Amino acid sequence: MLKIALTKGRIEKKMTETLKKIGYNIDPLINKDRELQINIEDKMEIIFAKSNDVVTFVEHGIVDIGIVGSDTLLENPFKDYYELLDLEIGKCSFAVCSYPNFKNIKFNRRKRIATKYPNIAKKYFESKDEDVEIIKLEGSVELGPVVGLTDAIVDIVETGATLKANGLEVIDTIIEVSTRLICNKTKFKYKKEEILNLIDLIEKYKVTRIIVSIH
Ligand code: PRP
């Protein structure tokens, strides 16, 4: 039995599709209500958690593997796990976003940047030799410029719909983001076969998908 921590929300939806495509009966996932733990075919025990907690559960060996966005891994880079696979789902990008006239404004003070990812934002602006003030928000980061708290944001952009709906746009793309499979180091020793089997199935699906899209 593989124990998996799955990031709630968008990644959960995409991973459910992946599990279906590789042959699992996903009815328990679709029919779940507020349960936080679900079993699939007595082969997988899945818990649903916030992204940072997925990493914590993996590191503490509560689960064998975690399914989490590379945004979370990049923001907290000194963690103790193996990153084994890019699932190539939940793709989006990190970007600096603001109003269209952002680049033309002459600031006579430090720019203020709202973000859920202060480390990534700090690193980005350091790489540009820019000293900015970073203000951490926990969600709906777009509110930063909308309410006048900040001049711009560093956030993930998927469809761009949230930006558009709030009159904002991408000023600069920082890095691409996708969903990763991470693994507890000790569990990998004991459950290597099971873990590699799952990775194999997902990889095969990825290959099939590429072939299908060529034809
Ligand atoms: C993320 C991100 C943006 C939005 C981007 O937020 O922080 O707000 O999705 O997606 P889009 O480009 O498809 O519009 P999420 O929905 O995860 O919620 P949050 O803002 O509360 O963090």
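Side chains included, hydrogens not; waters and symmetry mates left out as well; all remaining heavy atoms used. Remember, it's 1-based here, ligands and their atoms both numbered in the order they're listed. Numbering of residues begins at 1 and proceeds along the displayed sequence. Keep in mind the model is a prediction, meaning the values are calculated, not measured.
Counting only distance, with no hydrogens or angles, the side chain of D86 and the backbone of R180 share no donor-acceptor pair below 3.5 Å. Remark: the backbone N or O of R112 is paired with a side-chain donor or acceptor of D151 at under 3.5 angstrom. In terms of modelled atom types and a separation under 3.5 Å, the side chain of E12 and the main chain of G9 share a donor-acceptor contact.
K192 pairs by the side chain to side chain donor-acceptor pair (under 3.5 Å) definition with nothing, not counting sequence neighbours. Evaluation of the salt bridge (Lys or Arg N to Asp or Glu O under 4.0 Å) rule for D42 yields no partner, not counting sequence neighbours.
For ligand 1, the 4.0 Å heavy-atom shell takes in R10, K116, G139, S140, E142, D155, I156, V157, E158, T159, G160, A161, T162, ordered by chain and residue number.
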Report all side-chain donor-acceptor pairs from residues 120-127 shorter than 3.5 Å, counting only partners two or more places apart or in another chain.
unit_1 : atom_1 : unit_2 : atom_2 : d
K122   : NZ     : E126   : OE2    : 3.4
Y124   : OH     : D172   : OD2    : 2.4
S127   : OG     : Y124   : O      : 2.6

